[in-house]
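These notes concern the structure reproduced below.
Every number for a ligand or one of its atoms is a count from 1 in the order of the listing. The chain is numbered in sequence order, starting from 1. A quick note: this is a predicted structure, and the numbers were derived from the prediction, not measured.
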Amino acid sequence: MNRVLVIGSGGREHALAWRLSQSSTVEQTFVAPGNAGTALEANLSNVVLDVSDFGAVIAFCHDQNITLVVVGPEQPLVDGLVDALSAVGIKCFGPTAAAAQLEGSKAFAKDFLRRHQIPTASYEVFTEVAPAKAYLQNQLFPIVIKADGLAAGKGVIIAENMAEAESTIEDMLADNKFGEAGSRIVIEEFLQGEEASYIVIADGKNFIPMATSQDHKARDNGDVGPNTGGMGAYSPAPVVTPEIDQQVAEKVIQATLDGMAKDGHPFIGFLYAGLMIDKQNHAKVLEFNVRFGDPETQPIMTRLQSNLDELCLAAIEGRLDQVSCDWDERFALGVVMAEKGYPFAYDKGNVIHGLNAINDEVKVFHAGTRLADDQITTSGGRVLCVCALDYDLKQAQNKAYQAVKQISWGSEYYRTDIGFKAIK
Ligand code: AMP
Ligand code: GLY
C-alpha cells in the first residue's frame, strides 16, 4: 500500500489530498503543512514541516516510507523540490525547476511559445525603463504589463493609457515595487474574448486532459473589481467546446510537451494553460501554471472518479498512455468564501460558524483556516471553497449557495454569481 505526502496548505491541496486518500492503493496521506480542513479530514494527517527545507522533507519521506509526494503550489516547484526529492529516489509528482520556468518566468514562457509557434499575444521583454517606454509608442491600449517572476497573482497590470503604462514600467523596473519578480517585465498585446482554464496531467510526452473548468478571477459579481487568485469555479465548462478542446490539445498542450522535451526539459506534472478564446474560437495562451489551478482543483477533484495516486505514479513513470481518467457526469460548482478585503489587507483569526450544519451533498474545502483549541478560525484571504454537484449546473449553484449561507465568521465575502456565464 502507498503512502502519500501532499505539499501545501490551500484549497487545492485539501482537494488533492482528500481525493488521494480515497485511492484504493493509498493507506495513509499526509499534508504539509495543511490547514484546519485537512486536519479534520478522517483519512488525512497534517505534518509540521518547513517545506522550503528540502532536507527536512527528505527526512520525513524516509522516516514515513512515503511512496509518492505531490507538490501543490508553484514556489517549491520553481525552487527545485522535485529535483531534490528525485535525486534521492523519492517519487515526486510535479515538474523539475527547469520545466517549472514555464510559470516561474513569464519571459521564459513567452520566448518558449514564440520559438515553438504556439499561439499567444505578441510581446517584448524588457529590463530597462527607456526601451520599454519607447516600445509603447507604437502600441495600442489597453496594454498588458507583467512582472517576470512569481508574484502571487499580483504581477499583471492592464494599463488603459500611456500614463498608466509608463508609471507601471517605472514601478516595476525602477522603483522595485514588485520586488525581484519585477526586475524584468513582459509587455504584451491585450487580448479580448472569454477566458478558460485547460489543465492536463502530463508525463513528459503523453497527457490526459482534466475535466474542463472555468475560474472567476475578478473579485466581484459580473467579473469586475480587482484580480484575485480565483473566487469560484465550475466544471465542466461549456466554453471549452469539443472543437476548442481539440485545438488546444493539439496546438497548445501537445506542442508545449513536444517543445519542452525538445528543449531538454520534459514536463511532468499538472500543466495549466490559461487561455483567451476569441470570437472566431481561436485560443491563445495567456499564461502557464505548472500546477493545478486553485480553485479549479476543488470542483474538478469533486468529479474525479479515477485513482489519483495511480495517475500521478503513471505520470512519473511515463505511462500515461496506458491509463484513463473517469469523471462524474454531474456539474461541480465551487464558491470561494474569502475574508472581506481580500485581495488586499484583511482580518485573520475570526471563528468560523456553521460548518457542522453542512450536509453530505456539499463538500467544503478549506484554504486559509487554522485549527486551534477546537475552534476553526480564518488565517488567509481565501478561506473556504464550498462545492456542490448536480446534473444541472443551476441546481449545483443553488446547493453550493445554500451551504454558503449557513457558514459565517462576521467578515465573510463571496461572489453570488459563480457559474453565471454557463447559466444564462
Ligand atoms: P496571468 O497571471 O498572466 O493569467 O494574468 C492574470 C489575468 O490578467 C488573466 O487571467 C487575464 O484576465 C488578464 N490578462 C493577462 N494577460 C492578458 C492579455 N494579454 N490580454 C488580456 N488580459 C490578460
Ligand atoms: N485559479 C487560477 C490559478 O490557480 O492560477
Given Glu287, Glu188, Glu124, the one that forms salt bridge (Lys or Arg N to Asp or Glu O under 4.0 Å) with Lys110: Glu188
Min N/O separation Arg291 to ligand 2 under 3.5 Å: yes
Side chain, backbone, both or neither: the part of Arg12 lying under 4.0 Å from ligand 2 by heavy atom: neither
Mode of Val156 contact toward ligand 1 - side chain, backbone, both, neither (heavy atoms, under 4.0 Å): side chain
Nearest-option assignment for atom 20 (N) of ligand 1, heavy atoms, candidates Thr120, Asn227, Leu191: Leu191
Heavy atom of the protein closest to atom 1 (N) of ligand 2 (residue, atom name, distance): Asp215 OD2, 2.7 Å
Within-4.5 Å side-chain heavy-atom neighbours: Val386 and Tyr414: no
Sub-4.0 Å heavy-atom contact, Gly293 with ligand 2: yes
Under 4.0 Å to a heavy atom of Leu286 - the qualifying atoms of ligand 1, by number: 3 (O), 11 (C), 16 (N), 17 (C), 18 (C), 19 (N), 23 (C)
Donor-acceptor pair, side chain of Asn350 and main chain of Thr378, under 3.5 angstrom: no
Polar proximity ligand 2 side, Gly229 side, N/O cut 3.5 Å exclusive: yes
Ligand 2 atoms in contact with Pro295 (distance to a heavy atom under 4.0 Å): 1 (N)
Proximal candidate to atom 22 (N) of ligand 1 [heavy atom criterion; set Tyr123, Phe190, Phe288]: Phe190
Ligand 1-proximal atoms of Glu189, by part, heavy-atom distance under 4.0 Å: backbone
